[in-house]
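Take a look at the structure below.
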2 protein chains.
Amino acid sequence: MPKHQSIAPSKFEALAQQLQQQIAAGVLRPGDRLPSVRQICATRHLSPSTVFQAYYLLESRGLIHAVPRSGYFVAARAGGVLLAEPRTSDPQPGSQAVEVNDLICTILGSALARDIVPLGSAFLNPALFPLDRLRRALVSSTRRLKPWNMVDDLPPGNLRLRREIAKRYLRQGMAVDPDEIVLTNGAMEALNLCLGAVARPGDAVVVESPTFYIALQALQHLGLHAIEVPTHVREGIDLGRLAQVIELYHPKACWLMTTFQNPLGSLMPDTKKRDLVELLARHDIPLIEDDVYSELYEGKVAPLPAKAFDHRGLVLHCSSFSKCLAPGYRVGWAAPGRWVRDVQRLKVMTSLSGSIPAQAALAEYLQAGGYDHHLRGLRLSLQAQRASLFDAVTRNFPDGTLVVRPAGGYFMWLELPIGVDAMALYRAALAQGISIAPGPMFSARAEFQHHIRLTCGQRWDAVLERATRTLARLVSDSMHANSGVPPSI
Amino acid sequence: MPKHQSIAPSKFEALAQQLQQQIAAGVLRPGDRLPSVRQICATRHLSPSTVFQAYYLLESRGLIHAVPRSGYFVAARAGGVLLAEPRTSDPQPGSQAVEVNDLICTILGSALARDIVPLGSAFLNPALFPLDRLRRALVSSTRRLKPWNMVDDLPPGNLRLRREIAKRYLRQGMAVDPDEIVLTNGAMEALNLCLGAVARPGDAVVVESPTFYIALQALQHLGLHAIEVPTHVREGIDLGRLAQVIELYHPKACWLMTTFQNPLGSLMPDTKKRDLVELLARHDIPLIEDDVYSELYEGKVAPLPAKAFDHRGLVLHCSSFSKCLAPGYRVGWAAPGRWVRDVQRLKVMTSLSGSIPAQAALAEYLQAGGYDHHLRGLRLSLQAQRASLFDAVTRNFPDGTLVVRPAGGYFMWLELPIGVDAMALYRAALAQGISIAPGPMFSARAEFQHHIRLTCGQRWDAVLERATRTLARLVSDSMHANSGVPPSI
C-alpha cells in the first residue's frame with residue numbers, strides 16, 4: 001500500500017493563506033520582496049521546510065516567484081491573478097468520433113524549424129539534458145553488451161533498466177514488479193499499446209478537455225470515440241462530470257494526464273487522484289495514466305501518480321525518460337496492471353522490442369547514480385523558466401488575458417481576450433518567426449478557439465522576451481482589429 | 001526506371017539443365033562430387049561465373065550442396081527431391097476475420113529460452129553479426145551527436161542513414177528519394193504503419209498461405225480481414241488465384257513477402273514480381289512488400305524487390321537491418337511510395353521517432369564501408385547452414401516428408417507425412433529441449449496442421465545434428481503411433 005510522505009498541511013497552508021491575503025489587500029504589492037525564509041522562521045517559530053512549502057504553494061498559484069540568489073517576489077499581476085485563471089471548458093456532452101486534421105502535423109512541423117522561436121514546441125531545449133554523461137553510459141554499456149543480449153533483451157526489455165524503474169516506483173511507496181514493466185519506444189508507444197489493450201474500435205474513451213492532441217490522434221487511429229470532460233486549469237478533470245459521463249455513456253477507459261497536464265499544466269491533488277481511482281474502480285473502468293511530466297515538479301515532494309492509489313490493477317501507468325533525461329533515446333514504459341500480458345503481446349506484434357543500446361545505456365546511467373542530481377537541476381531550471389515566461393506574459397499581454405502559472409512541467413495555457421482567434425494568431429506569429437500551439441489542436445471538436453499553449457522549454461533570454469512582447473502585440477492588434485479601433489503598435 | 005543487371009540466362013540454365021538430367025538419370029548419384037568449376041570451364045569452354053550460376057541454381061533447387069573447401073556434392077535425396085516439394089496450400093476462398101490465439105506468443109516465448117535448441121526460432125545467432133564494428137560505430141557516432149540531433153533527428157529520422165539506404169536502392173537501379181524513407185522501430189513497425197496507412201477496420205487484405213504470423217496479428221489488431229491466397233514453396237503467391245480474389249473480394253491491399261518468404265523460403269522470380277506489380281496496378285491496389293530477407297540470397301545477383309517494377313508509387317517497401325546486421329538496434333524503414341506522408345504522420349502519432357543513437361550508429365557503420373564484406377560472409381554462412389539442415393533433414397526424416405531447400409533466408413518449410421500432427425510434434429519436441437514452429441501459426445484458419453518451419457540460423461554443429469535426428473525420430477514415432485504399428489525404438 002503506497003504511502004505519501006507529506007508534511008503537516010495545516011501550518012504551511014495557514015501561512016500561505018495569510019500571505020495571500022496580504023497580497024490581495026495590497027499590503028504586499030507586485031515587485032515587493034517577501035520576507036526571507038530565515039526571517040519568517042525566526043518571527044513565527046516555524047521550520048524552514050514549512051515556510052518553503054508555503055512559498056512553493058504561493059508560487060504554484062502564480063502569486064510570487066523566485067529570483068535566484070535574491071529571494072521571493074510578489075508577481076507582477078499577483079493582485080488580480082486569482083481572477084485571471086482561464087475558465088474551465090464546458091464541452092458538449094456525448095462522445096465524438098475523432099477526426100484530427102492535418103493541421104496538427106503542420107503545426108508540429110513548424111515548431112521544429114531551428115530558426116523559429118519555439119514558444120509552441122513540445123520539446124525542451126536538449127542542452128538541459130546531461131548528454132555527456134549519457135554518452136559515457138552509452139559507450140560503457142555498449143562495451144559490455146554480449147551478443148545474446150540482442151535477443152535476450154527483446155520484450156519486455158532490458159531487465160536492469162526495468163529493475164531501476166521498479167526501484168524508483170518503490171521510492172514513492174509503490175510496489176511495481178519489474179515483470180509488470182514493459183519497455184516501449186517512448187511513452188507514446190506505451191500509451192498506444194495500453195489503449196489497444198483495453199479498447200476496441202467503436203468504444204468510447206474519456207479524455208480531458210482540453211487534451212493532448214496525440215491522445216486524439218491515437219483514438220482516431222484505433223477508431224475510438226472521445227468523450228471530452230471539463231478539466232480545471234489547476235486541479236485536473238472534473239470528477240462530478242466524469243461520474244455523470246460514466247453513468248450516461250459507459251466509456252471503456254479514461255486516458256488522463258494527472259500531473260502537469262498538457263496543455264493545461266494542471267496538477268490533480270493526491271486526494272483527488274485517490275477519489276478518481278475509487279470512482280473508476282466502482283465501475284471497473286481502466287485508467288490509462290499519461291505521467292511523463294511528474295518528475296518536473298516544484299518543491300521537495302514528488303506528486304504521486306493515480307497508480308499509487310490503485311489496488312485492483314486498473315491503472316495502466318505510462319511514462320518515459322524523454323521529458324527529463326534522454327529525449328532522442330525513445331525509451332519509455334508501461335506498468336499496465338492487469339493488462340500486462342496484453343500490452344506485452346501488442347508490443348511484440350507491433351514493433352517487437354525497443355532499441356537495445358538505448359535501454360542498456362539508460363540502465364547504466366541510472367545505476368551509476370546522478371539521475372536525481374540532474375533532476376534537481378532540471379527542476380530549478382524549469383522553475384525559473386516558468387517564472388520568467390509567466391512574468392513576461394503578465395507584463396506584456398493585454399487585459400482580458402487569463403493565465404495561471406503552472407506548478408510544474410513546461411507548458412502554460414492562456415485564454416486570450418474574447419475576439420482573438422488562436423489560428424489567426426498562430427499564422428501571424430509564424431510570419432514573425434514565432435511558433436505557438438493554438439487551442440483547437442487540443443480538442444476533437446476544435447474548441448478553444450481563443451486559447452493558446454506556450455512552452456517555457458528554453459533558458460530565458462532576450463530572444464524569448466522579445467518574442468513574448470511580439471506575441472502580446474499581435475494579440476492586442478487582433479483585439480483592436482476586431483473591435484474596429486486602430487491598433488496602437 | 002530500375003534496371004536489373006543480370007548475366008545471360010541461356011548458358012548457365014542450359015548447363016544446369018544437363019546436370020539435373022544426369023542426376024535424375026542416376027548418372028550422378030547422391031553423395032557424388034560434381035566436377036570442379038575449373039574442370040567444367042576447361043571442358044565446356046564456359047566462364048567460371050556461368051558455371052557458378054548453374055551450380056547456384058542447382059543448389060537452390062536442392063539438388064546439390066556445397067561443402068566448404070571440398071566442392072559441390074549431389075544432395076542425399078536429390079534423385080527424388082523434385083517430387084518432394086511440399087504441396088501448395090488450397091485455402092478456403094473468402095476473407096476471414098483474424099483471431100490469432102495465445103499460442104503464437106507461447107511458441108515465440110519457448111523459442112527464446114537459451115537452453116532450447118532453436119530450430120523454431122525466428123532469429124539468427126547473434127554471433128553472425130559484426131557486433132564489434134557496430135559497437136565502434138555506436139561509440140564514434142555518439143561522440144559526434146550534438147544536442148540538437150536529439151530533436152532534429154525526429155521523424156522521418158536520421159538523414160545520413162536515410163541517404164545510405166537510398167544509395168543501396170540506387171545500386172539496384174531504384175531511385176528512392178531519402179525523403180521517401182521513413183525510419184522505423186524495425187520492419188515490423190514499418191509494416192504496421194503501412195497497413196494503417198492503406199486500410200481501415202473491416203477492410204480485407206490479401207496475405208500469402210502460409211503467411212508470417214505477425215501479418216496475421218497486425219490484421220487482427222487493426223480489425224482487418226485476411227484473404228489467404230495459395231503460395232508456391234519456390235515461386236511465391238499464385239497470381240492466377242490472386243487475380244480471381246481481386247475480382248471477387250476487392251481487397252484493400254496485399255501484404256506479401258516476395259523474397260525468401262517466411263515460412264516458405266520462396267523467392268518470387270523477377271518476371272513474376274513485374275507481373276504482380278502490373279496486376280495490382282490495374283486495380284490500383286497497394287502492395288505492402290515485406291522485404292527483410294532479400295540480402296540473404298545465394299550467388300552473385302541480389303533479387304530485386306517488387307518495388308523495382310513500380311512506376312505508380314503503389315508499392316510500400318519495408319525492410320530493416322535486423323536480419324542482416326544489427327538485430328537489437330531495431331532500425332527498419334518504409335519507402336511507402338505515394339503514402340509517404342500518411343506513414344510519416346502515423347509514425348509521429350504512434351511512437352514519435354526511433355532511437356537516435358541506434359540510427360546514428362548504423363549511419364556511421366554504413367558510411368565507413370564494410371557492410372558488403374559482412375554481408376558476403378553472412379550469405380556464405382547461411383548457405384552452409386541451409387545445406388547442412390537440408391542434408392540432415394533428408395538423411396533423417398521418414399519417407400513422406402516433403403521439403404525443398406530454399407534459395408535464401410534461413411527458414412525451411414516441411415510437409416510431414418500424413419497423420420503427423422504439428423502441434424503434438426511441437427509439444428513432444430519441446431519436452432526434448434527442441435523448439436520448432438508448427439504450421440498452424442502461419443494461417444488465420446489454423447491450417448497446415450502437418451507442416452513445420454525449421455530455422456537454420458545457427459552454425460551447424462553436433463547439437464543441431466542430434467536435434468534434427470531426435471525430431472525425425474519423433475515424426476516417425478508419431479506416424480507409427482497413428483498407424484497402430486509400434487514405434488521402432
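Here is the naming used below: chain letters follow the sequence lines, and residue numbers restart at 1 for every chain.
- Looking at A/Asn192, the atoms closer than 4.5 Å to chain B (heavy atoms on both sides) all sit in the side chain, from C-beta outward.
- A salt bridge does not link A/Arg136 with A/Glu364: every distance from a Lys NZ or Arg NE/NH1/NH2 to an Asp or Glu carboxylate oxygen is 4.0 Å or more.
- Interface residue B/Leu222: only side-chain heavy atoms are found under 4.5 Å from chain A.
- Chain B forms the most heavy-atom pairs under 4.5 Å with one residue out of A/Val139, A/Val348, A/Ile214, A/Thr350, and that residue is A/Thr350.
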Trace of the side chain to side chain contact (heavy atoms under 4.5 Å, CB included) decision for A/Val331 with B/Ser355: CA-CA 8 Å; A/Val331 176; B/Ser355 187; 5.7 Å; no

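- Taking the six-membered ring for Trp and the full ring otherwise, A/Tyr213 and A/Phe442 have centroids separated by under 6.0 Å.
- The part of A/Leu346 that comes within reach of chain B is its side chain, from C-beta onward, which places non-hydrogen atoms under 4.5 angstrom from that chain.
- Using a distance-only test at 3.5 Å, with no hydrogens or angles considered, a donor-acceptor pair links the side chain of A/Arg135 to the main chain of B/Thr142.
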